[in-house]
Structures are given as structure tokens and as C-alpha cells.
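When reading the values below, keep in mind they use all heavy atoms of this one structure, side chains included, and skip hydrogens, waters and symmetry mates. Read the numbers this way: they start at 1 and go in the same order the structure lists the ligands and their atoms.
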Amino acid sequence: MQDVFSYADELGPGKVVHVYEPSVGLKAILVVDNVAPGPSIGGLRMAVDVGLEECFRLARAMTMKNAAAGLPHGGGKAVLYGDPGMPKTEKERLIRGLACSLRNVEEYIFAPDMGTNEECMAWVKDEIGRVVGLPREFGGIPLDEIGATGWGIRHVAEIAVQYCGFELQGARFVVQGFGAVGKNAARFLAEQGAVLVGAADSRGVIHNPDGLDVEALVALKEEGRGVSDYADAKRLGRDAASDIECEIWIPAARPDVIREDNVGRLNTRLVIQGANIPVTHGAERVLHEKGVLCVPDFIANAGGVICAAMEYQNASEAAALQAIEEKLRRNTRLVLERVRSEGIMPREAAVALALRRVKKVMGLRRWSLFSSAPGFV
Ligand code: NAD
């Protein structure tokens with residue numbers, strides 16, 4: 001009891017649900033953080049080592065991301081205990097079981113996250129219908145295939161360079177994590193004339209100051225090979241991506257990649273956070289003091305959730321890309337204008353923007369978090 005309420009503050013969480021069904025080994029937690037703006041959208045994460053605290057932090061991050069993006073959705077997250085690589089029949093049973101047990105929790109819309117994919121979302125659709133991130137055949141917009149988050153990063157970059165005093169055309173950039181987010185960001189930035197000079201995946205780091213061929217690298221990855229298999233580049237040590245001189249550095253892999261102990265190695269002018277929490281708050285402060293602009297994760301990587309929210313409204317792929325472009329350009333400008341005029345850190349400006357939007361809708365509810373109006377969720 002005390003444990004659950006120890007996370008509670010003025011924003012939420014509004015509901016914490018513990019799901020347990022021993023007959024099939026189902027154990028899961030759902031945290032619905034703040035649903036003042038509307039039903040929460042947040043991924044279903046499947047892993048062996050998740051817990052309540054992590055679920056709460058991830059749900060809160062979605063509250064901030066959805067609010068900053070001006071979506072009519074609050075933040076939530078579900079975690080399902082288990083090895084995502086387990087036999088498919090067992091995984092399907094667990095996910096269908098979880099969906100059934102959450103059938104009436106209308107404040108939560110399922111979405112994919114680590115350990116789950118569009119096929120898992122199709123099982124949820126079949127059981128309860130309330131889900132995004134579906135296969136195309138079910139009306140879904142495959143956000144990783146179309147590169148929704150990378151598309152957003154390109155637009156963030158176009159605005160952010162104006163605050164850094166250099167042009168995107170000819171700017172050198174590095175992508176740390178050449179997966180769904182990273183490779184698509186690379187593709188869209190290269191289309192704008194930026195030059196990819198470094199790339200890293202879990203198996204290696206490559207560097208060529210004259211530029212890497214993005215399409216050739218993407219093709220390598222699609223064949224299941226690593227960036228180190230690219231011929232025309234120098235191979236560097238595992239952590240060396242941070243040392244590569246560039247104008248734009250894009251973390252698109254794991255959390256906490258840049259910390260106070262290694263932030264001094266970065267040799268760049270702009271960091272655009274494609275991954276979630278890739279730079280610790282302490283390291284963000286160091287960058288700010290050095291005059292390196294760092295666009296926070298929940299502003300920069302919101303393309304994926306905007307796409308999911310558009311799918312929920314049955315919008316087309318083209319409309320989803322248009323919404324990402326408009327929202328991310330506007331938000332980046334709003335945040336960076338405040339940074340420029342008040343000298344505050346980008347994260348402070350971004351948090352203030354998200355909080356202002358959440359509190360505005362909370363002020364329109366009789367209770368702060370929820371409403372009993374029909375069709376509210
Ligand atoms: P992904 O699994 O498709 O790609 C991750 C990439 O990072 C892979 O190429 C992997 O090899 C690489 N990687 C892993 N460990 C690494 C390391 N130590 N050094 C260098 N590279 C490493 O995942 P993704 O969907 O691209 O997501 C990346 C990050 O972005 C995650 O933090 C995710 O939560 C976040 N994110 C994703 C989306 C989205 O739309 N997919 C949206 C918002 C945030």
C-alpha cells in the first residue's frame with residue numbers, strides 16, 4: 001500500500017493495477033499515470049527484470065511526452081514479466097490473458113514497446129480492440145517501417161541548427177544506435193544534405209570524415225549484418241562513437257550513454273536525443289554550460305507516439321507524418337526560444353511546456369485526473 005502511494009504526486013498515478021493469473025504464469029503491472037488529457041497511450045514492455053518503480057517512471061515519461069506533443073492522451077505503461085524470446089504460443093497466451101484482464105481499464109490503450117511488436121498488438125486487438133501499433137492489415141501505421149521517430153528528428157534538427165549557428169546542409173552527424181530510430185534519422189538527415197560521419201550499433205563503431213553511404217549501411221543492417229561490415233570506414237573501439245568530431249550527435253540506442261564521467265569526450269555542437277534518457281541530467285548540465293545544445297528526449301523522439309495517436313484516430317500515414325512535422329517543429333521552437341530568452345536548460349523549458357499543458361486540462365476536470373463523462377476515455 002505504502003509502496004504504491006510512495007510514487008504519487010499531484011500528476012498521478014491515477015491507477016496502478018496488478019495482474020496475476022497463476023494458471024498461465026501471468027504477472028504484470030499497469031500504471032495509468034495521468035489521464036486528464038484523455039486515455040493513456042504507452043507501450044507494453046515484456047522483460048524478466050522490470051518492476052513497479054520502472055513502470056511508474058516510464059508511465060510518467062509518457063505523460064510528459066504526450067502532453068508536450070499536445071496529444072489528447074495521458075501517459076501509461078504496462079510491464080509483463082517474462083522472457084520476450086519465449087515460445088510464441090506461450091507469449092501469445094500471456095499477452096491475450098493480460099489484454100483480457102485489462103478489458104475494462106479503458107484509461108489505457110496498448111502500444112508496442114521493448115519485447116512486444118505489431119503481432120502482439122494484433123492479439124490484443126483480437127481480444128479487446130483498444131490498441132495501437134497494429135499491422136497494416138489491421139489499419140495500423142507501421143511506425144518503425146516508415147521511420148516516424150527519425151522523421152521527427154529530422155524536423156527537430158532543421159529548427160535546432162538555427163539556434164546553433166550552422167546549416168544542416170553539409171553538417172556532419174553521428175548516429176549512436178543504428179536501429180529503427182537511428183537509421184531512419186540518418187536517412188532523412190542525409191536527404192537534407194547532412195553528412196553521416198560516424199555510426200554505431202551493438203557490435204561496433206565506424207568513422208569516415210568524408211561521409212558514409214547511408215543507404216548502403218541501411219542495406220547492410222537489413223541483411224542482418226553490423227555497421228562494422230561497411231567497407232569504406234575506419235573501425236573504432238566500442239565506446240568511441242562519443243569521440244567522433246561532428247556538428248550533430250544523435251544517441252538512438254540505450255539509456256545513460258552520456259554521463260558526467262564521459263560527457264567531456266563529446267566533440268559536437270548539438271545533441272538530439274533519439275533514445276529515451278540517453279544523457280543523464282548531470283551530463284545535460286555540463287553540455288549546457290559548454291554551450292552545446294541538447295534537445296531532450298521527450299521533445300525530440302515524440303514522432304513515434306504522435307504516429308500512434310494518429311493511428312488511433314484512423315488517420316492516414318501521410319496525415320501522421322504531417323502531424324509529426326508540425327508538432328515537432330513548433331515544440332522545438334517553443335523550447336529553444338525560452339532557452340535563448342531565459343538562459344534556462346532545454347529540459348527545464350520542455351518540462352515547463354509539458355506541465356503547463358497537463359495542468360491546463362487538469363484544471364478543466366471536476367476531479368483533477370479523471371472525468372465520468374460518457375466517452376471521456
Ligand atoms: P532498435 O532495437 O531498432 O535499435 C537500437 C539500435 O541500438 C540497434 O542498432 C542496436 O544494435 C544499437 N545498440 C544497442 N546497444 C548499443 C550500444 N551499446 N552502442 C551502440 N549501439 C547500440 O530500437 P529503436 O526502436 O531504434 O529504439 C532506440 C531507442 O529509442 C530506445 O531507447 C527506444 O526506447 C527509443 N525510442 C524509440 C522510438 C521508436 O519509434 N522506435 C520512439 C521513441 C523512443
Side-chain angles (χ1 to χ4, degrees), residues 41-47 50 54 57-58 61-62 64-66 68-69 71 75 77 79 84-85 111-118 121 132-133 140-154 156 174-188 198-207 217-218 220-230 235-244 249-259 262 272-279 295-311 320-321 324 328:
I41 291 189
L44 166 62
R45 179 165 293 194
M46 184 169 186
V50 278
E54 186 181 348
R57 284 175 52 216
L58 294 165
M62 291 310 296
M64 301 302 277
K65 192 184 290 192
N66 294 346
L71 298 173
K77 198 84 183 180
V79 295
D113 190 53
M114 279 163 53
T116 61
N117 59 16
E118 52 184 46
M121 296 305 110
V132 291
I141 306 177
L143 61 93
D144 281 339
E145 191 184 311
I146 67 170
T149 303
W151 173 250
I153 288 172
R154 171 222 142 155
V156 168
V174 171
V175 172
Q176 194 260 354
F178 213 74
V181 173
K183 72 181 179 200
N184 284 301
R187 224 178 210 158
F188 292 125
D201 62 15
S202 56
R203 289 177 273 176
V205 183
I206 56 170
H207 177 213
L217 266 182
V218 170
L220 272 179
K221 291 296 287 183
E222 277 163 13
E223 285 166 21
R225 296 161 74 194
V227 295
S228 319
D229 293 318
Y230 181 86
R235 282 159 201 63
L236 306 179
R238 260 185 78 79
D239 296 329
S242 49
D243 304 330
I244 301 173
W249 203 81
I250 302 172
R254 313 279 311 153
D256 298 336
V257 169
I258 299 297
R259 307 166 304 274
N262 67 357
I272 301 178
Q273 299 184 8
N276 290 321
I277 46 168
V279 183
V295 184
D297 47 5
F298 70 89
I299 297 292
N301 70 23
V305 76
I306 296 171
C307 188
M310 294 297 283
E311 176 185 322
L321 292 174
I324 294 168
L328 292 201

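Annotation for ligand 1: atoms under 4.0 Å from non-hydrogen atoms of L143 are 40 (O). Close contacts of ligand 1 with N301, meaning ligand atoms under 4.0 Å from a residue heavy atom, involve 42 (C), 43 (C), 44 (C).
Of the listed residues (Q176, Q273, R254), the one carrying the non-hydrogen atom nearest atom 15 (N) of ligand 1 is R254. When S202, A61, A253, A148 are ranked by how near their heavy atoms come to atom 11 (O) of ligand 1, first place goes to S202. By heavy-atom distance, the residue among D113, V305, D201 lying nearest atom 21 (N) of ligand 1 is D201. In the candidate list A180, G152, G150, G179, G179 is nearest to atom 6 (C) of ligand 1, counting heavy atoms. Nearest-heavy-atom check against atom 39 (C) of ligand 1 across T149, I306, N184, L58 picks out T149.
Under the 4.0 Å distance rule, the nearest protein heavy atom to atom 2 (O) of ligand 1 falls outside the cut-off.
The closest protein non-hydrogen atom to atom 34 (O) of ligand 1 is N276 ND2, 3.1 Å. Looking only at protein heavy atoms, the nearest one to atom 30 (O) of ligand 1 is A275 CA, 3.4 Å. Among all non-hydrogen protein atoms, the one lying nearest atom 26 (O) of ligand 1 is V181 N, 2.8 Å. Atom 41 (N) of ligand 1 has D144 OD1, 2.9 Å as its closest protein atom, hydrogens excluded (heavy atom only).
In summary, the side chains of N262 and D239 do not present any donor paired with an acceptor at a separation below 3.5 Å, with no hydrogens or angles considered.
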Please evaluate residues E54 and K77 with respect to the criterion salt bridge (charged side-chain N to carboxylate O under 4.0 Å, His left out), reporting the C-alpha separation (whole Å), side-chain torsions for both, the decisive distance (0.1 Å), and the verdict.
CA-CA 10 Å; E54 186 181 348; K77 198 84 183 180; over 6 Å; no
Go through the steps to decide whether I244 and V205 satisfy the test side-chain contact (heavy atoms from CB on, under 4.5 Å), and finish with yes or no.
CA-CA 10 Å; I244 301 173; V205 183; 4.3 Å; yes
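Counting heavy atoms under 4.0 Å from ligand 1, residue A252 touches it through the backbone alone. Contact annotation: for V205 versus ligand 1, there are no heavy atoms closer than 4.0 Å.
No more than 12 heavy atoms of other residues, nucleotides or ligands lie within 6.0 Å of CZ in R57, so this atom counts as exposed by the packing criterion. Heavy atoms from other residues, nucleotides or ligands lying under 6.0 Å from CZ of R235 number more than 12.
Separating the CG atom in L236 from the NE2 atom in H207 is a distance of 7.0 Å, to the nearest 0.5 Å.
For the pair Q273 and N301, the minimum side-chain heavy-atom distance is 4.5 Å or more. The shortest side-chain heavy-atom distance between V156 and I272 falls under the 4.5 Å cut-off. Counting heavy atoms from C-beta on, the side chains of W249 and V175 never come closer than 4.5 Å.
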